[in-house]
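A note on names: the letters A, B, ... follow the listed sequences, proteins ahead of strands, and every chain is numbered from 1. What you are looking at is a predicted structure, and each value in this text was computed from that prediction instead of being measured.
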Amino acid sequence: MAGEVSVAADPRFGDYQTNAALVLAKQHGENPRALADRIVKQLNVSDISEPPTVAGVGFINFTLKREAVEKKIAELLTDERLGVERVSQAKRIVIDFGSPNVAKPMHVGHIRSTVLGDALARIAQFLGHEVIRDNHIGDWGTQFGMVIWGWKNLLDRKALAREPIAELVRIYKETNERANQDQNVRDAARAELVKLQAGDAENLSIWQQTVDLSKQEFERAYALLDVHYDIQRGESFYNDRLSEVVDRLRKSGLAEISEGAVCIFFRDIPELRDKPAIIRKRDGGFNYTTSDIATVDYRIRDLGADTIWIVTGAPQQLHFKEIFEIARREGYRADFRHITNGNILGEDRKLMKTRSGENVPLLEVLDEAIERARKVIEEKNPDLDDSEKDTIAKIIGIGAVKYADLSQYRMTDYVFSFDRMLSLQGNTAPYLQNAYVRIRSIMRRMGEKFSPPAAVRLTEPAEIQLAKKVCQFAEAVPQVLNDFRPNILANYLFELANSFHTFYEACPVLRAEEPSRSSRLALANLTGRVLQRGLKLLGIDVPEKM
RNA sequence: GCGCCCGUAGCUCAGCCGGAUAGAGCAACGGAUUUCUAAUCCGUGGGUCGGGUGUUCGAGUCACCCCGGGCGCGCCA
């Protein structure tokens, strides 16, 4: 780890710095400054850097040569990948994210896992990994006893046709309430569940209908969010594999019977010692631990995954720790990661709910974001035609919601605020999109097709600063996967947009004299491509006008 | 009781493997518009990094304890 070079903490220290001398001096018991001096003498970086300097207790600072930056920019102009290298060893990654439940509406809470997982998938793919996006839908479980009983006894067909999910939720809730008060209803619902699990044709048909209706609803959200899956293997997909999972684990001795249930104990792991995983209930039924073990099997054996990322809220940490531990005990060598995310809070700093205490439906949030964006467009740019305004409102509104989420560390509980994310100032999607729009405007006014110049000449501080920022894209993207932090990319893009806006104010492009004019055009064009590509990696679109 | 996560400026948040005088945005205040989209830019003020002890040349970052908030802990998912 010694010898890492990072972007300088402060511009006064140049562009890049390394603490390698400090680390090495510590290891060898030497004087860090003296060591740094020796390193600097032997270092040959004259092709890209001014002579490195030693500062402070032994930091080595580098300032990029202007010519080197100019050369790099000229290279990037014709580089499809904008300097981002592919990983040397591509992995096959199954990424599990989103995972909504059937017969329940998607709510704001689903934004995080969905948007985070999607961004990680896009970034991993761009870096050269083979990515399989899997929507592990909650389409099986005890709630279906209630849903089926409600369907048979309480269903309003017209309401179902109008608002399928709302009606499913209504019958579920009402059945639940009745069951709480009436033992007969409770028993009846349980009986429906048993029939379903036994393969009863009528109940299976009802179940299938609720699954289909729910998937249609999910698709509306995914279309708006521009999120797409390669496969959707719900929990039910694993049903016929569950008994063999339990048999296998019993045979291998990993599982044992305790109080009538089949359990796996983790006696050698202190934090799991008193928390066994149940893989078959006393009544013979399976639960989600069983199905998640079957899911690991499938992903590794059938899909050939060597890496599995599961993106869900933090409450499931214990569960997945056990699932991964079981997989390791079974001999699986895959790289398992549980990527957790925090909660979305309301203005009251508690879990975001409606006034009546319900979850806030996802589609309502997205619609409101679009609506609010539309109003701002109306105000700022009334001359655009209506369909254009609609398109732009969607790009900005959805982008704002996604960016508000992705620009923050995934574990942080964050306060959801339309006003902030759409205030269109500061670190928001519209701010970044606006930088892109300004660039596109220049390109349109130029009046001809952009063709990259052979050489680039940079003179003004603002353009050199912007150019250096553009070059850092190649460093920002791979960093995201170190600890699954898309906010690193988001923050980079914000800094890039900021540098561009400064450049835009300080440096006229079209009115500049040659050779500045073509160099600035090239720099602006390249910045636009990085913004577009970077935002795309976050799942965010850019408009041509706004 | 045990375990996990969080606590950084008035507000919302960055700060990845410990590294230089802790950074942004919003809000506040002061400037910039005959100029390619001002949804912008430039500037000013604002901090016992929840508290403490320890490890280290060096701690917002690591270890331990405490306080505060959230969540999870055998047959729901």
Open item on the list: Does the plane of the ring in Trp207(A) sit parallel, tilted or perpendicular to the ring in Trp140(A)? Use 30° and 60° as the thresholds.
Closed with: perpendicular
TODO: May I ask you to decide if the ring planes of Phe416(A) and Phe418(A) are parallel, tilted or perpendicular, using 30° and 60° as cut-offs?
DONE: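 Perpendicular: the ring planes of Phe416(A) and Phe418(A) meet at over 60°.
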What's the closest nucleotide to the side chain of [X] if the choices are [options]?
X: Lys26(A); options: C76(B), U12(B), G58(B); answer: G58(B)
X: Thr142(A); options: C76(B), A39(B), G74(B); answer: C76(B)
X: Lys275(A); options: G72(B), C41(B), G74(B); answer: G72(B)
X: Arg420(A); options: C16(B), G74(B), C11(B); answer: C11(B)
X: Lys380(A); options: A39(B), C5(B), U40(B); answer: A39(B)
X: Lys281(A); options: C75(B), C36(B), C2(B); answer: C75(B)
X: Ala261(A); options: C75(B), C36(B), C16(B); answer: C75(B)
X: Pro276(A); options: G74(B), A39(B), C6(B); answer: G74(B)
X: Gln479(A); options: G19(B), G25(B), C16(B); answer: C16(B)

Protein-nucleotide distance ([X], atom [atom1]; [N], atom [atom2]), rounded to Å:
X: Ile278(A); N: C76(B); atom1: CD1; atom2: P; answer: 8 Å
X: Tyr403(A); N: A24(B); atom1: OH; atom2: C1'; answer: 11 Å
X: Asp10(A); N: A14(B); atom1: CG; atom2: P; answer: 22 Å
X: Asn343(A); N: C13(B); atom1: CG; atom2: C1'; answer: 16 Å
X: Arg410(A); N: C4(B); atom1: CZ; atom2: C1'; answer: 13 Å
X: Tyr431(A); N: C41(B); atom1: OH; atom2: P; answer: 4 Å
X: Leu432(A); N: U40(B); atom1: CG; atom2: C1'; answer: 14 Å
X: Leu318(A); N: C71(B); atom1: CG; atom2: C1'; answer: 12 Å

What does [X] touch in the nucleic acid at a heavy-atom separation under 4.0 angstrom: a base, only the sugar-phosphate, or nothing?
X: Val437(A); result: base
X: Asn487(A); result: sugar-phosphate
X: Glu259(A); result: base
X: Ala314(A); result: nothing
X: Phe13(A); result: base
X: Asn482(A); result: base
X: Tyr409(A); result: sugar-phosphate
X: Glu379(A); result: nothing
X: Gln408(A); result: sugar-phosphate
X: Asp383(A); result: nothing
X: Thr289(A); result: nothing
X: Ile488(A); result: nothing
X: Ile377(A); result: base
X: Arg485(A); result: sugar-phosphate

Once you apply the 3.5 Å cut-off to both distances, tell me the Watson-Crick or G-U wobble partner of [N], or none.
N: C36(B); result: none
N: C26(B); result: G10(B)
N: C76(B); result: none

Task: Ring-ring centroid check Phe286(A) Tyr288(A), cutoff 6.0 Å - done: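 Centroid separation for Phe286(A) and Tyr288(A): 6.0 Å or greater.
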TODO: Using heavy atoms to find the nearest nucleotide of RNA chain B for Ala506(A) and Ala9(A) separately, return the residue whose nucleotide is more 5′.
DONE: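 Result: Ala9(A).
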Open item on the list: Pick the closest RNA chain B nucleotide for Asn498(A) and for Tyr414(A) by heavy atoms, then say which residue is nearer the 5' end.
Closed with: Tyr414(A)
Can you tell me how far [atom1] in [N] sits from the matching atom in [M], rounded to whole Å?
N: U48(B); M: G60(B); atom1: P; result: 14 Å
N: C49(B); M: G43(B); atom1: P; result: 27 Å
N: A9(B); M: G50(B); atom1: P; result: 8 Å
N: U21(B); M: A63(B); atom1: P; result: 24 Å

Do [Y] and [X] meet the salt-bridge criterion of a basic N to acidic O distance under 4.0 Å?
X: Arg374(A); Y: Glu378(A); result: yes
X: Glu325(A); Y: Arg329(A); result: yes
X: Glu463(A); Y: Arg520(A); result: yes

Open item on the list: Any N or O donor-acceptor pair under 3.5 Å from the base of A20(B) to the side chain of Asn61(A)?
Closed with: yes
Open item on the list: I'd like to know if Asn427(A) reaches the base of G25(B) with its side chain such that a donor and an acceptor end up less than 3.5 angstrom apart.
Closed with: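 For Asn427(A), whose side chain was compared with the base of G25(B), there is no donor-acceptor pair (under 3.5 Å).
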- [ ] Indicate whether the side chain of Thr290(A) and that of Asn287(A) have a donor and an acceptor atom separated by less than 3.5 Å.
- [x] yes
- [ ] Give a yes/no verdict on a cation-pi contact between Arg241(A) and Tyr238(A), requiring under 6.0 Å between NZ or CZ and the six-membered ring centre and an angle within 45° of the axis.
- [x]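 The answer is no; the distance or angle limit is not met.
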- [ ] Kindly indicate whether the side chain of Val102(A), heavy atoms from C-beta on, has any atom under 4.5 Å from the side chain of Phe144(A).
- [x]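 Yes, their side chains come closer than 4.5 Å.
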